[in-house]
Structures are given as C-alpha cells and as structure tokens.
Amino acid sequence: MKSARFSKYFIPTLREDPKEAEIPSHKLMIRSGMIRKLASGIYEFLPLGWRVVKKIENIIRRRMDEIDGQELFMSALQPRELWDRSGRWDLYGPELFRLQDRQERDFCLGPTHEEVVTSLVASDIKSYKSLPVLLYQFQMKFRDEIRPRFGVMRAREFYMKDAYSFDSDEEGCLKSYRDNVVAYIRIFKDCGLNFIKVEAATGNIGGSSSHEFMVPAGTGEDEIACCSCGYGANTELSSYARPETPDEKETSADEKNLEKVNTPGKKTVEEVASFLNRKPEKFIKTLICETSEGPAAILIRGDHELNLSLAASRLGNIELAGEERVKELTGASAGFAGPSGLKGKVSIIAADRAVTEIKNGVSGANENDFHLVNINYSRDYEADIVGDFRTALPGDLCPVCGKPMEFKRGIEIGHTFLLGEKYSESMGATFTDAGGTEKNMMMGCYGIGVTRIAAAAIEQSHDKEGIIWPVSIAPFHLHIIQISDSVSEFCSSLFEKLSEKYEVLLDDRRESPGIKFKDALLIGCPIIIVVGKKFTGEGKLEIQCRHTGRTELTDPDNIEEKLREIIEI
RNA sequence: CGGGGUGUGGCUCAGUUUGGCUAGAGCGCUGCGUUCGGGACGCAGAGGCCGCCGGUUCAAAUCCGGCCACCCCGACCA
C-alpha cells in the first residue's frame with residue numbers, strides 16, 4: 001500500500017476519549033481516527049482503519065488461497081425464499097435484518113451466507129468430479145444485535161471472511177475442516193495475535209463439531225475454560241470433572257420440615273433469595289424443556305447455569321419451553337416451577353449433582369406466588385437422572401487430564417463449523433458419485449471477524465499513550481516525525497527513499513512537536529523516525545521502537561540497514 | 001424488551017435544582033504574529049433552532065407531556 005503525507009491524509013485524531021467508548025480498543029480506534037460511528041453499532045472505516053482491515057484481509061486471502069480456497073463475492077441482500085428453504089427465516093429470530101422491496105417481497109441482509117452459497121453450488125455442481133470445492137468471500141454481514149457494544153467488536157454491520165467447503169464424503173469433509181483450521185492458525189499467527197483454539201457451541205449455524213479461536217482479553221465477551229494439556233472450551237459447553245469436595249456439611253439428620261411460603265411476584269432466583277433472605281446456592285432452578293423423549297425438567301443450583309451441550313448429551317436434542325408450555329406442565333407461570341410433585345407431569349427429571357446435595361433448599365411450588373423452603377432430595381423429590389448439567393466453574397478439573405482448568409475471558413475472532421449435510425439436505429445440494437448414486441454434499445463453514453481482529457489486536461497490544469501495532473497489520477510500517485519546516489527537504493527525500501520498501505507516514509504538518517509525538521504514539525506504527533535537533537545538530541536520525549520504547553541514533557546513510565535489523569516485513 | 005443515565009458549537013463539558021439580560025468554558029477551526037523536542041503563546045475571528053414536537057408562562061436550555069437518538073446494566077436464568 002502507498003505511503004502518505006499526514007498533512008494531506010484524512011486522520012482526524014482526538015485528544016480526549018469519546019464518551020461512548022468503554023474499552024481500550026474502542027477508545028483508541030476512535031481517537032486515532034480509524035473509525036467513526038454513524039449509528040449505534042454501525043461504523044465507518046476511515047483511511048487509517050481501512051488500511052488495517054485491508055492488511056488483515058490480505059493475510060487471510062493468502063492463507064486461504066494456500067489451501068485452495070477460491071475467492072468469490074456473493075450478495076448481501078438475500079431473498080426470503082432461500083431462507084424458507086433452510087427453515088431459518090423463522091428460526092433466526094429478531095437478529096435477522098428483514099426488509100421488503102416495492103412489491104412487498106421479503107428480503108434480508110445476510111448475517112451469514114450458508115443459504116446463498118449452498119444454493120449456488122447446488123445448481124451448478126452436479127458431479128463428484130467437481131468436488132471438493134472451497135469457496136470464500138469478504139463481505140459485510142448484518143446482525144441486528146440485541147445490544148451493540150464495544151465499537152466494532154459487537155457491531156450490527158461488520159466485515160467478515162466466510163468460507164464454505166463442499167466434499168463428496170465424510171473423510172474429505174474432515175480433511176477440509178482440518179485444512180481450514182490449519183489456515184486459521186497461520187492467519188492468526190501472521191496477524192501477530194496470541195490466541196487459543198477451543199471447542200465451541202454451534203448456535204444458529206448448526207452442525208456437529210465446532211471450534212472457536214479466541215484472543216484472551218479481560219474485556220472479552222466469552223468465557224473459556226482451558227488446560228495446560230491443550231484442552232479448551234467455551235464454558236457454554238465445556239465438560240469437566242468435579243473436584244472431590246462435597247461442600248455441604250449437613251446430613252439428612254439436619255433436614256427441616258417442608259414449608260410452603262408466599263412469594264408474591266418474586267420470580268427470579270435473585271428476587272426470591274433477597275425476599276426470603278437465603279443464598280442463591282440454596283435454590284433449585286427448575287428448567288422446563290422439550291426433548292425427543294417428551295417434556296423434561298432440568299434442575300440446576302440457583303447460582304449455576306445450565307450447560308445446554310451437556311444436557312443435550314444426556315437427553316438428546318433439547319429446547320427450552322416457552323411460558324405457555326411451562327404453565328401447562330407445572331400449573332404455574334415461569335418462576336414458580338419446582339421439582340416436588342412434578343413427577344408424572346414431565347417425562348424426565350434430570351438433576352445436576354450439586355442440586356441433590358442441597359439441604360433445606362428453596363424451589364418453586366408449582367403454584368403462582370409460592371415457593372417451597374427446606375426442600376430435600378429423596379425426601380421431597382427424586383430425579384430420574386443425576387449428573388453434570390451445569391456450566392464449568394473455577395475449581396473444575398480438565399476432562400482430559402484431570403488437572404485444574406484455567407478460566408479466562410476471550411474475544412472470538414474465528415469460528416469453524418463441521419456442518420455435514422444440514423444445508424445440503426435442505427437446499428438440495430446433491431451430486432452424483434462414481435457409482436451413479438445421488439448424494440448430499442458434506443459441508444463445513446468457516447468464519448473470521450476481520451474488523452474484530454483489528455479491535456482484538458489493539459485490546460491485546462496498547463499502552464496509555466495509544467496503540468502498539470503488530471508489524472503485519474500496522475497501517476504504516478514507519479512514521480516519520482518532521483519536527484520543523486527546516487528539515488522538510490531532507491524528510492521528503494527520506495520519505496521517497498524509504499517508501500520504496502516500506503509504507504511510510506510522514507508527519508509534515510505545521511504543528512508543534514508535542515502534537516506530532518502524541519499522535520505518533522496514539523496511531524502506533526511500529527517504528528517512529530524523528531528528524532529534528534539531533535539531525536540539525538549531529539546529523540543523526542532517531543529510530544524509536546513503539547514496542548520496546550527504545551530509541552537509537554543512526555546516520556541517515558545507515559538507516560535502511562538499521563531498519564532491516566529491527567523490523568521485518 | 002425491563003431498569004438506569006445522557007442529549008447545549010467539530011470534541012469534552014458547565015449552566016437546568018430555584019424560568020429572567022446578548023448561552024458559556026477548555027480543546028479544535030480560520031487569519032496575523034511570536035514560537036518550534038513530548039498535546040506552545042498573544043491578538044483578532046467564525047461557528048449553537050440548547051435532540052424533536054407540543055403545552056404552561058409576560059418570559060423556557062431551564063417547568064410539564066409526548067416522541068426520538070445515544071450510552072450503561074440486565075434479559076431462554078423458571
């Protein structure tokens with residue numbers, strides 16, 4: 001990409017933190033003039049920010065092409081008909097941006113492209129001879145997020161690379177999946193990121209296997225459990241071994257009499273807990289859901305969360321019941337369900353082990369505005385299945401090696417899904433194999449949040465002055481500070497010379513030196529070259545490394561050699 | 001969607017409680033001059049339908065009602 005002169009380049013830096021920004025990357029992206037907000041969750045990328053996006057894009061492109069990916073460009077605007085075929089027009093929910101044309105035909109702005117790409121391949125690939133194929137694109141994605149947050153980190157319009165693999169058999173599909181995972185590891189390394197790969201939930205996309213690539217950061221929105229042995233998973237679905245520490249000292253001898261108490265309008269655990277003055281860990285949450293075996297109740301301790309994936313592994317496909325269904329089954333509105341007296345009303349009662357250890361607990365009474373206190377396992381209720389149903393917690397052990405797991409927060413920058421036949425089946429993506437039989441293609445899909453990588457990189461690498469870019473995705477390699485007009489001629493020739501090899505930003509503005517230094521640190525290019533007093537006095541250039549903060553003096557004649565030593569491009 | 005908060009020049013904010021003169025500050029912007037190594041200084045300027053609509057009043061940024069936008073917390077948690 002081209003070098004630029006600051007005086008002619010659109011970089012509106014800000015001295016103060018914008019009030020809407022909370023986390024470092026959001027503040028710094030706005031302050032450094034990378035992005036501006038147009039509306040909630042919708043951002044414009046200014047030249048500086050777009051350069052970073054393009055750098056990341058090119059890294060991804062190179063690595064995708066390496067595994068024989070073929071770049072294409074699909075449409076952001078998609079007809080409803082396609083989404084009806086996969087069933088997702090109804091399933092996707094309010095997150096899907098929907099609109100109509102003048103004929104009142106339904107469309108959506110694509111949040112992802114499984115339908116489009118599958119229908120494309122379905123209509124034009126018919127033979128095993130054309131498989132496998134890996135297609136990818138860079139595209140704006142639209143999701144009407146429930147709460148846009150943290151700048152481009154969780155935006156309603158964002159730039160993404162998405163790839164889709166089509167194979168003729170499972171073996172090939174697994175190979176494609178592995179190829180993409182390998183490419184992802186290369187991509188994130190190339191971007192200079194620390195990251196970990198973890199097992200993940202498949203959510204709205206579906207499929208059988210899935211991994212997320214996470215950049216560890218305190219400001220991340222996901223929680224991950226990981227182990228030094230290499231196991232890692234989103235806590236949404238992490239499995240675990242419980243440590244052998246029964247934390248209840250009470251025994252059945254301490255059991256008190258069951259009581260029904262009036263709890264008018266108190267529905268949540270928190271509300272009832274403070275109303276009755278009992279700790280949430282004494283509560284039993286009764287989650288009503290539908291399974292392939294019929295309606296089920298899952299019991300979770302008040303301060304724990306249901307792990308859908310663990311539950312699904314014991315109960316098959318499960319879906320939480322709606323308000324109406326809860327009333328129908330328990331006789332009370334949501335918030336007042338409880339295990340006592342539920343037998344017979346649901347097909348299965350499943351309890352997390354921690355629930356069965358609660359002595360003199362609290363649960364709903366299956367009657368509006370009433371809860372039961374001093375409820376005890378086996379005396380007052382029983383479960384058909386007792387096992388692990390909650391999400392992982394600090395203290396839990398690695399399911400692979402048994403060592404304590406580490407819990408941290410992370411930013412999801414990439415996600416891979418092994419889809420199998422989910423979309424090829426519904427969209428009719430079939431091919432004829434060598435034996436002449438028609439079969440569904442086996443698919444995988446692979447996403448990378450391009451704009452989110454920029455934010456994650458900043459989250460991971462900044463100081464109080466500004467951004468510290470990894471060389472590979474920095475908007476410019478070198479930032480020359482021309483301290484005063486008296487050295488402008490020299491700076492121009494230095495700029496021309498270095499631009500042959502590097503991308504250079506020359507700060508030739510007629511501003512005071514302080515402003516230029518501050519802006520250089522804020523923008524965060526890896527190398528800052530100062531042409532000022534040391535040059536007019538001793539004929540030396542100062543080379544400042546943004547990462548280490550160290551400054552070295554060098555002769556102008558040796559500058560290129562010096563740069564080769566400290567920056568690798 | 002529930003709760004809380006904020007909307008005043010490009011940015012950050014004061015003024016609103018207790019209505020009253022021409023609506024303020026710092027930064028930024030323009031011009032001139034002095035400066036020129038870590039967000040300089042002087043002088044002179046430009047820039048605001050105080051979020052929008054309606055109401056109360058002699059008088060509204062300020063009080064009342066409605067709406068909108070933005071931010072924070074929460075949200076299949078039974």
Side-chain angles (χ1 to χ4, degrees), chain A residues 12-23 26-27 30-31 33 36-42 93-94 144 146-151 203 236 263 266-273 280 283-290 296-308 311 318-339 342 346 362-368 371 389-391 465-466 481-488 507 509-522 528 530-537 542 544 549 551:
Chain A
T13 59
L14 258 32
R15 182 197 295 253
E16 288 170 273
D17 281 339
K19 63 173 171 183
E20 78 249 27
E22 287 253 301
I23 62 169
H26 189 193
K27 289 178 182 172
I30 293 176
R31 281 192 56 207
R36 284 293 183 265
K37 185 179 73 180
L38 186 61
S40 177
I42 303 177
D144 194 358
I146 192 163
R147 182 137 91 91
R149 223 193 299 216
F150 302 151
E236 279 172 24
T263 50
K266 310 291 180 203
K267 303 180 90 168
T268 65
V269 167
E270 210 166 89
E271 281 166 5
V272 185
F283 280 67
I284 302 169
K285 288 197 284 203
T286 307
L287 282 64
I288 307 296
C289 51
E290 302 287 355
I298 305 176
L299 312 180
I300 301 289
R301 209 170 83 177
D303 57 329
H304 291 166
E305 310 232 347
L306 172 67
N307 181 328
L308 270 173
I318 64 169
E319 201 174 314
L320 283 139
E323 177 88 8
E324 277 309 303
R325 187 73 171 134
V326 172
K327 209 170 275 180
E328 196 181 312
L329 290 164
T330 68
S333 29
F336 300 103
L342 209 52
V346 295
V362 182
S363 79
N366 296 323
E367 186 179 336
N368 278 356
H371 278 79
F389 292 99
R390 62 159 171 81
T391 56
E465 293 294 340
I481 296 182
Q482 170 184 311
I483 290 288
S484 74
D485 282 353
S486 63
V487 293
S488 68
D507 194 346
R509 294 175 299 170
R510 310 191 67 166
E511 293 287 356
S512 70
I515 289 178
K516 296 185 173 188
F517 280 113
K518 287 288 186 186
D519 273 346
L521 295 171
L522 177 61
I528 298 166
V530 185
V531 185
K533 229 176 216 157
K534 290 279 185 338
F535 178 73
T536 47
E542 285 169 68
Q544 224 179 87
T551 297

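Order of the sequence lines fixes the chain letters, A, B, ..., with proteins taken first and strands second; residue numbering starts at 1 for each chain. We use all heavy atoms of the structure for the numbers below, so side chains are in, but hydrogens, waters and symmetry mates are not.
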Engineer: Which residue in the set A:Leu287, A:Thr286, A:Ile288 passes side chain to side chain contact (heavy atoms under 4.5 Å, CB included) when paired with A:Val326?
Structural biologist: A:Ile288
Engineer: What does nucleotides 2-10 of chain B look like as a protein-contact string, B for base, S for sugar-phosphate only, - for none, at under 4.0 angstrom between heavy atoms?
Structural biologist: ----S----
Engineer: Going 5' to 3' along nucleotides 73-78 of chain B, which nucleotides have protein heavy atoms under 4.0 Å from the base (write B), which only from the sugar-phosphate (write S), and which from neither (write -)?
Structural biologist: BSBBBB
Engineer: Rounding to the closest angstrom, what is the interatomic distance between B:A46 and B:G10 at atom C1'?
Structural biologist: 13 Å
Engineer: Might you work through the side chain to side chain contact (heavy atoms under 4.5 Å, CB included) test for A:Leu522 and A:Glu465, ending with a clear yes or no?
Structural biologist: CA-CA 6 Å; A:Leu522 177 61; A:Glu465 293 294 340; over 6 Å; no
Engineer: Which whole number of Å gives the distance between the P atom of B:G45 and that of B:G4?
Structural biologist: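 Taking atom P in both B:G45 and B:G4, they lie 48 Å apart.
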Engineer: Report yes if some heavy atom in the side chain of A:Leu299 is under 4.5 Å from a heavy atom in the side chain of A:Lys285; otherwise report no.
Structural biologist: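 A side-chain contact is absent here, since even the closest heavy-atom pair is not under 4.5 Å.
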Engineer: Rounded to the nearest 0.5 Å, what's the gap from CD1 on A:Ile284 to NE2 on A:His304? Could you check?
Structural biologist: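 That separation rounds to 12.5 Å.
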Engineer: Is the shortest side-chain heavy-atom distance between A:Lys533 and A:Ile483 below 4.5 Å?
Structural biologist: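 Sidechains of A:Ile483 and A:Lys533: no contact.
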Engineer: Now, which nucleotide makes the Watson-Crick or G-U wobble pair with B:C63, with each of the two distances under 3.5 Å?
Structural biologist: B:G55
Engineer: Under a 3.5 Å limit for both distances, which nucleotide forms a Watson-Crick or G-U wobble pair with B:C41, could you say?
Structural biologist: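 Because both required distances fall under 3.5 Å, B:C41 counts as paired with B:G33.
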Engineer: If I take atom NZ in residue A:Lys27 and atom P in nucleotide B:C11, what distance separates them, rounded to the nearest angstrom?
Structural biologist: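 It is 18 Å, rounded to the nearest whole Å.
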Engineer: Please evaluate residues A:Lys516 and A:Ile528 with respect to the criterion side chain to side chain contact (heavy atoms under 4.5 Å, CB included), reporting the C-alpha separation (whole Å), side-chain torsions for both, the decisive distance (0.1 Å), and the verdict.
Structural biologist: CA-CA 11 Å; A:Lys516 296 185 173 188; A:Ile528 298 166; over 6 Å; no
Engineer: Using the P atom on both, measure B:G51 against B:C41 and round to a whole Å.
Structural biologist: 31 Å
Engineer: Once you apply the 3.5 Å cut-off to both distances, tell me the Watson-Crick or G-U wobble partner of B:G74, or none.
Structural biologist: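 B:G74 is paired, partner B:C1.
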Engineer: Between B:G66 and B:G48, how far apart are the two C1' atoms, rounded to whole Å?
Structural biologist: 25 Å
Engineer: If we take the P atom in both B:G3 and B:C50, what is their distance in whole Å?
Structural biologist: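 Their P atoms lie roughly 30 Å apart.
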Engineer: What contact category does A:Pro12 fall into here, base, sugar-phosphate, or nothing, at under 4.0 angstrom with non-hydrogen atoms?
Structural biologist: nothing
Engineer: Can you confirm whether A:Asp519 sits close enough to A:Glu511 that some side-chain heavy atom of one is under 4.5 Å from a side-chain heavy atom of the other?
Structural biologist: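 A:Asp519 vs A:Glu511: side chains apart.
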Engineer: Just wondering, do A:Pro18 and A:Lys37 contact through their side chains at under 4.5 Å, heavy atoms?
Structural biologist: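 A side-chain contact is absent here, since even the closest heavy-atom pair is not under 4.5 Å.
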Engineer: Out of curiosity, A:Arg15 CZ to A:Arg31 CZ, how far, rounded to the nearest 0.5 Å?
Structural biologist: 9.5 Å
Engineer: Roughly how far apart, to the nearest Å, are B:G26 and B:G15 at atom C1'?
Structural biologist: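 Nearest-Å result for B:G26 against B:G15 at atom C1': 15 Å.
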Engineer: Quantified in whole Å, what is the C1' atom distance between nucleotide B:C64 and nucleotide B:G19?
Structural biologist: 13 Å
Engineer: For A:Val531 and A:Gln482: C-alpha separation, side-chain torsions, deciding distance, then whether side chain to side chain contact (heavy atoms under 4.5 Å, CB included) applies.
Structural biologist: CA-CA 5 Å; A:Val531 185; A:Gln482 170 184 311; 5.6 Å; no
Engineer: I'd like the P distance from B:C70 over to B:G33, given in whole Å.
Structural biologist: 46 Å
Engineer: Does the side chain of A:Glu20 reach to within under 4.5 Å of the side chain of A:His26, using non-hydrogen atoms?
Structural biologist: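 Contact flag for A:Glu20/A:His26 side chains = yes.
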Engineer: Suppose we define a pair by two distances each less than 3.5 Å, Watson-Crick or G-U wobble; what does B:G10 pair with here?
Structural biologist: B:C27
Engineer: Which atom pair, heavy atoms only, marks the closest approach of A:Ile481 to A:Ala520?
Structural biologist: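 In terms of heavy atoms, the two residues are closest at CD1-CB, 3.8 Å.
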Engineer: Just by protein heavy atoms under 4.0 Å, how would nucleotides 31-46 of chain B read 5' to 3' in B, S and -?
Structural biologist: ------BBBS------
